[in-house]
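Per chain, numbering begins at 1; letters A, B, ... match sequence-line order. Given the structure is predicted, the values throughout are model-derived calculations rather than measurements.
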Amino acid sequence: MARHLITSAIPYINGIKHLGNLVGSQLPADLYARYLRARGNEVMFICATDEHGTPAELAAAKAGKPVADYCAEMHKVQADIARGFRLSFDHFGRSSSPRNRMLTQYFAQTLGEQGLIAEVTEQQVFSIDDNRFLPDRYIEGTCPNCGYTRARGDQCEECTKQLDPTDLINPRSAISGSTRLEVRETKHLYLRQRSLKADLEAWIDSKTDWPVLTTSIAKKWLNDGEGLQDRGITRDLAWGVPAQFEGAPWSGMEGKVFYVWFDAPIEYIAATAEWADANGLDDAAWHRWWRTDKGADDVTYTEFMGKDNVPFHTLSFPATIIGANRAGGAQWKLVDYIKSFNYLNYDGGQFSTSLGRGVFMDQALSILPADYWRWWLLSHAPENSDSEFTWENFQTAVNKDLADVLGNFVSRITKFCRSKFGEALPEGGETGPQEAALIAELSTRIRAYEDHMQAMEIRKAAAELRAIWVSGNEYLQAAAPWSTFKTDPAQAAVQTRLALNMIRVYAVLSEPFIPDAAAAMLAGMNTSDRRWPTDVGAALTALPVGHAFTTPEVLFRKIADEEREDWQARFAGVRS
RNA sequence: GGCUAGGUAGCUCAGCUGGUUAGAGCACGUGACUCAUAAUCACGGGGUCGGGGGUUCGAGUCCCCCCCUCGCCA
């Protein structure tokens, strides 16, 4: 039994995520966690909300609430939705937790003591009326290049030219609109990534099994232009982990906090500590997942994320870990494998949180159960390239795969048994060549399915699972128990018994993709036997002669054309 | 402009280090069956593998040039 630490990129607190966000990190991470658990591994599956930073402050202000209250509310909202999608986190933490504050300050202090943090004085735009420094993108003005009047301080969205806030003509605060801006001097802490470059490069180079999408992005940042740059890890903000604290190896950082991209990945660790706290466990309970000097040596750590998060997970966060480990004290675990995803597009364009375009997680759950979304999203996961969601494709794929192939299989055999033999596994008959062939095929396919799941080849795993479902229908079609029943009821009985046992096997195999349906199938078969079908022949006799079951309700109702048209229209515009 | 990935049947996609008549699912057509959510199963039609050169006995699969899409970076 191996130990697996799995983290999903942590969603930002500001608002509800769309399906593209879901399929890029949380959902595939959940699939993998569920699979590994089903195979008997010890799993720690961690996620959290990323709560610090300017967007959270502004959203809270807009909602007229203190930022801490706003984050607490939104965390609950996101946690509820995650439960709705059956995301099986062992803990869903918060980056604003005391644990994360302590760990973030601990890492910063340790890095500082190693000489890996530099104090840098720089010029930044300060808004007098807002009484705050403004991040580049919160300064608006006229683009000096194209004359667009709403260009942002980091880039003009009209002509795409990269800008410096001081380039803007008639600059103003994007928060208040105030033009009373001035350039002020401010001091910040920088993580000296350049001095860690050799270590990072050697580490990346050792990861020969990583997807090209992951390593190419990392190498690009390592070697492009001037190479890896030192990175500012503090900001002039009130909401975050204070950069000045007792024991800090620097002074004069009052009123400043760590940058979200410094403290957010540390939350993976902190959330595991939060998990221990929530379960009344001691520090050793989470140390054994994260500290290689405290028993985490045999842990395999896998991260899931969209491609936009790759630089932070291949460079910034590892720099924090490698630098802290140099101190020679606590030794922290580096990631072993990064599974990254491309983007899911929506009906010819992009999903967009800021524009409110696409289907958002709460809306999705309001129109269909989680399994529908889980199945479609996972079986179309954007692994090799961007993929596309369309309502037509969603409707036909879900109706065909879930309702016709799987749901109807369960329906036809349970109802057949009920009408001919009653609601218990019938007695009699001997298996023959047809059954042997079925077992052989299932064995081959299940081994392939396991290989794909282990390798996190999600689309291929989904295709194989579907083929496993199909083989049940093929068997029934060939065996035709409704036909043998007329001439040889014992023969029909053994066929029916085998097919009913397939329902349990399908439930166990399918659980990572469609947990609710799997539970319904097991409940219908009146069993809690979730043993993995390592030996298919044995697995197909797990439910013995005479075992009672109840014919389940329709597992998946079909999506009607009118519904699809309705949703298509309803979600065509932007979310208000 | 630099870089990544991609451009394969109407649609969504597989095709590893080059090798028999290029595959799957959906959609479409024909047939079978009637247990089942008008479900299922079988068979079939359909592609000059973005374009053009080249290497090779042989290339979606390698090399060069060009076109297009998406994203990242500057």
Does a side-chain heavy-atom distance below 4.5 Å link [X] with [Y]?
| X | Y | result |
| --- | --- | --- |
| A:Leu498 | A:Tyr475 | yes |
| A:Asn21 | A:His18 | yes |
| A:Asp401 | A:Leu406 | no |
| A:Trp203 | A:Val335 | yes |
| A:Leu31 | A:Met456 | no |

Rounded to the nearest angstrom, tell me the gap between atom [atom1] in [X] and atom [atom2] in [N].
| X | N | atom1 | atom2 | value |
| --- | --- | --- | --- | --- |
| A:Glu457 | B:rC16 | CD | C1' | 11 Å |
| A:Gln229 | B:rC73 | CD | C1' | 13 Å |
| A:Phe312 | B:rC73 | CZ | P | 9 Å |
| A:Trp375 | B:rU12 | CH2 | P | 19 Å |
| A:Leu378 | B:rC13 | CG | C1' | 16 Å |
| A:Asn473 | B:rA32 | CG | P | 20 Å |
| A:Arg557 | B:rA38 | CZ | P | 14 Å |
| A:Asn309 | B:rC72 | CG | C1' | 13 Å |

According to a strict under-4.0 Å criterion, is A:Lys415 in side-chain N/O contact with OP1 or OP2 of B:rA39?
->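 The answer is no; no side-chain N or O of A:Lys415 sits under 4.0 Å from OP1 or OP2.
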Hey, which of these two, A:Ser471 or A:Leu406, hits RNA chain B nearer its 5' end, going by closest nucleotide?
->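 Comparing both residues, the 5'-ward one is A:Leu406.
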Using the [atom1] atom in both, what is the distance from [N] to [M], to the nearest Å?
| N | M | atom1 | result |
| --- | --- | --- | --- |
| B:rG50 | B:rG60 | P | 10 Å |
| B:rG23 | B:rC63 | C1' | 27 Å |
| B:rU61 | B:rA42 | C1' | 33 Å |
| B:rA74 | B:rA9 | P | 36 Å |
| B:rG45 | B:rU30 | P | 15 Å |
| B:rC28 | B:rU17 | P | 36 Å |
| B:rA59 | B:rG18 | P | 13 Å |
| B:rG7 | B:rC49 | P | 13 Å |

Given protein heavy atoms under 4.0 Å, the one-letter contact record of nucleotides 22-27 of chain B, with B base, S sugar-phosphate only and - none, is simply ---SS-
On a plain distance test, is the side chain of A:Asp404 in donor-acceptor contact with the base of B:rA39 below 3.5 Å?
->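 By the distance-only test, no, there is no pair.
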Tell me which nucleotide among [options] gets nearest to the side chain of [X].
| X | options | result |
| --- | --- | --- |
| A:Val470 | B:rC41, B:rC35, B:rU12 | B:rC41 |
| A:Lys558 | B:rC13, B:rU37, B:rC35 | B:rU37 |
| A:Leu555 | B:rU12, B:rC41, B:rU37 | B:rU37 |

Measure centre to centre between the rings of A:His313 and A:Tyr268, then say whether the value is under 6.0 Å.
->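 Between A:Tyr268 and A:His313, which both carry aromatic rings, the centre distance is below 6.0 Å.
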If you count the non-hydrogen atoms of other residues, nucleotides and ligands that lie under 6.0 Å from CD in A:Gln434, is the total more than 12?
->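 Check passes, neighbour count above 12.
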Give, ordered by number, those residues of residues 474-487 of chain A having at least one heavy-atom distance below 4.0 Å to an atom of RNA chain B; if nothing qualifies, reply none.
->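 Heavy-atom contacts with RNA chain B come from A:Glu474, A:Gln477, A:Trp482.
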Got a sec, which pairs hit salt bridge (charged side-chain N to carboxylate O under 4.0 Å, His left out) with one end in residues 483-493 of chain A, sequence neighbours left out?
->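 Matches after skipping sequence neighbours: none remain.
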For A:Arg445, all residues meeting salt bridge (charged side-chain N to carboxylate O under 4.0 Å, His left out), sequence neighbours excluded |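 By the salt bridge (charged side-chain N to carboxylate O under 4.0 Å, His left out) rule, A:Arg445 matches A:Glu441, A:Glu464.
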Listed by chain and number, what are the side chain to side chain contact (heavy atoms under 4.5 Å, CB included) partners of A:Ser316, not counting sequence neighbours?
->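 For A:Ser316 the side chain to side chain contact (heavy atoms under 4.5 Å, CB included) partners, ignoring immediate neighbours, are A:Gln193, A:Arg231, A:Phe312.
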Each base of RNA chain B marked ( ) or [ ] if paired in-strand (Watson-Crick or G-U under 3.5 Å), | if paired to another strand and . if unpaired gives (((.(((..((((.....[...)))).(((((.......))))).....(((((..]....)))))))).))).
Does B:rG60 fall in syn (glycosidic angle within 90° of 0) or anti?
->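 Syn.
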ring-ring contact (aromatic ring centres under 6.0 Å, His included) with A:Phe394: which of A:Phe571, A:Trp375, A:Tyr372, A:Trp373?
->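 Output: one option passes, namely A:Trp373.
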Between A:Arg374 and A:Asp30, is there a side-chain N and carboxylate O pair less than 4.0 Å apart?
->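 Salt bridge flag = yes for A:Asp30 with A:Arg374.
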So A:Trp391 and A:Trp567, would you call those rings parallel, tilted or perpendicular, with 30° and 60° as cut-offs?
->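 Ring orientation of A:Trp391 relative to A:Trp567: tilted.
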Determine the contact category for A:Lys460: base if any of its heavy atoms lies under 4.0 Å from a base atom, sugar-phosphate if only primed atoms, P, OP1 or OP2 are that close, otherwise nothing.
->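 Sugar-phosphate only.
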